[in-house]
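Heads up: the structure comes next, in structure tokens.
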Amino acid sequence: MTNPKCLNCGLVNFADASECKRCGAALGAAAEADEMPPQQASGVSDVDDEPQTTGSRSILKRVGVAVAVAAVLLVGCYVSLLETSTPADYEQRQLVARAIDIIERSGFERDAFLLRRLANFRTSDSWWNRWLGHQEAYAATNFPFQIVTLYPEFFQYPADDTERAVILLHEARHLAGAGEPSAFASVWRDKSRLGWTRERYGRTRVWRNVGEFTQKYAPEAFSCGQDGQSDCAEEAQASLR
């Protein structure tokens with residue numbers, strides 16, 4: 001048995017002493033118990049809670065890192081799309097603005113908001129569009145980056161601002177996340193609200209092109225009438241007269 005040393009004053013006491021001869025402090029096991037934190041002295045331990053807390057913090061940290069990395073990648077991709085394409089000039093933006101006004105006056109406020117506030121209009125393909133390639137088109141939308149590319153045909157072939165409004169309404173549906181079938185079907189259904197009717201525009205290039213693509217992507221839009229091949233939107237309008 002070793003002689004206990006007082007933790008308070010440093011005096012070495014006799015082996016059988018329970019208190020320090022000099023200062024009266026408790027020696028041995030009693031002194032150790034006095035130095036222990038309340039939780040340990042009472043037998044209570046939070047060791048079981050520590051792994052759970054550490055694990056939760058680790059998961060949250062990983063999720064945070066993943067979100068940050070994804071955000072950086074998205075921003076970098078967006079910037080690269082802008083840097084590799086040409087912005088619309090002033091006159092082109094004026095044409096776009098007039099077409100959006102028609103969309104808004106026709107009651108498509110949400111579509112007008114997306115085009116006016118969220119869309120970034122470009123007039124040449126970005127690296128992404130060039131890599132993907134595209135068929136003959138008046139415009140194309142990169143979702144979810146909200147970049148709308150207007151090709152030369154958009155400015156050249158429409159008969160007027162109403163036909164450009166039809167094209168932009170289609171792109172607005174893409175800005176909202178719609179695919180080609182839904183975008184073509186909904187625009188063909190809503191075309192008369194823009195004043196785009198067969199009587200006025202049935203002979204234009206845009207009418208023919210949009211009709212052909214609608215039949216390709218949304219054939220159900222031409223499944224009405226006695227022959228089962230008529231324009232459902234026009235049939236619905238006729239029934240209201």
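Residue numbers count from 1 along this sequence.
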Task: ILVMFWY clustering at 4.5 Å (side-chain atoms), partners of Val79 - done: Val75
Task: Residues clustered with Leu60, ILVMFWY side-chain links under 4.5 angstrom - done: none
- [ ] Using the disulfide (SG to SG under 2.5 Å) rule, collect all pairs that involve residues 75-133, keeping only residues at least two apart or in two chains.
- [x] none
TODO: Taking all heavy atoms of Ser230 and all of Glu235, pick out the closest pair and write down the distance.
DONE: CB-OE2, 3.6 Å
Open item on the list: Per the disulfide (SG to SG under 2.5 Å) rule, what does the pair list look like for residues 154-211, sequence neighbours excluded?
Closed with: none
Open item on the list: Counting C-beta onward and ignoring hydrogens, is there a side-chain heavy-atom pair between Val96 and Phe154 closer than 4.5 Å?
Closed with: yes
- [ ] Under 4.5 Å between side-chain heavy atoms, chaining through other members, with only Ile, Leu, Val, Met, Phe, Trp and Tyr counted: pull out the rest of the cluster around Val65, sorted by chain and number.
- [x] Val69, Leu73
Task: By ring pair (Phe, Tyr, Trp, His ring centres under 6.0 Å) - contacts of Phe222 (at least two apart) - done: Trp188
TODO: Quick one: list whatever passes side-chain hydrogen bond (donor to acceptor under 3.5 Å, both in side chains) with Ser186, sequence neighbours left out.
DONE: Arg173
- [ ] Mind checking ring pair (Phe, Tyr, Trp, His ring centres under 6.0 Å) for Trp128 and listing every partner two or more places apart, or none if nothing turns up?
- [x] Trp131
Task: Side chains of Tyr78 and Asn142 in contact at under 4.5 Å (non-hydrogen atoms) - done: no
Open item on the list: Checking side-chain polar atoms at under 3.5 Å, does His174 have a donor or acceptor matched by the opposite partner on Gln146?
Closed with: no
- [ ] Can you tell me which residue pairs pass the salt bridge (charged side-chain N to carboxylate O under 4.0 Å, His left out) test with a partner in residues 156-168, sequence neighbours excluded?
- [x] Arg98-Asp161, Asp161-Arg164
Open item on the list: Restricting to side-chain hydrogen bond (donor to acceptor under 3.5 Å, both in side chains), what partner residues turn up for Glu109, sequence neighbours left out?
Closed with: none
Task: Contacts of Arg116 that satisfy salt bridge (charged side-chain N to carboxylate O under 4.0 Å, His left out) - sequence neighbours left out - done: Asp101, Glu104
Task: Ion pair Asp231/Lys191, N-O distance below 4.0 Å - done: yes
TODO: Only counting residues at least two apart or in another chain, list the ones meeting side chain to side chain contact (heavy atoms under 4.5 Å, CB included) with Glu212.
DONE: Arg208, Asn209
- [ ] Specify whether Tyr157 and Tyr138 have parallel, tilted or perpendicular ring planes, treating 30° as the upper limit for parallel and 60° as the lower limit for perpendicular.
- [x] perpendicular
Open item on the list: I'd like to know whether Asn129 forms a side chain to side chain contact (heavy atoms under 4.5 Å, CB included) with Thr149, so could you lay out the CA-CA distance, the side-chain angles of the two residues, the decisive distance to 0.1 Å, and finally the verdict.
Closed with: CA-CA 9 Å; Asn129 285 358; Thr149 304; 3.4 Å; yes
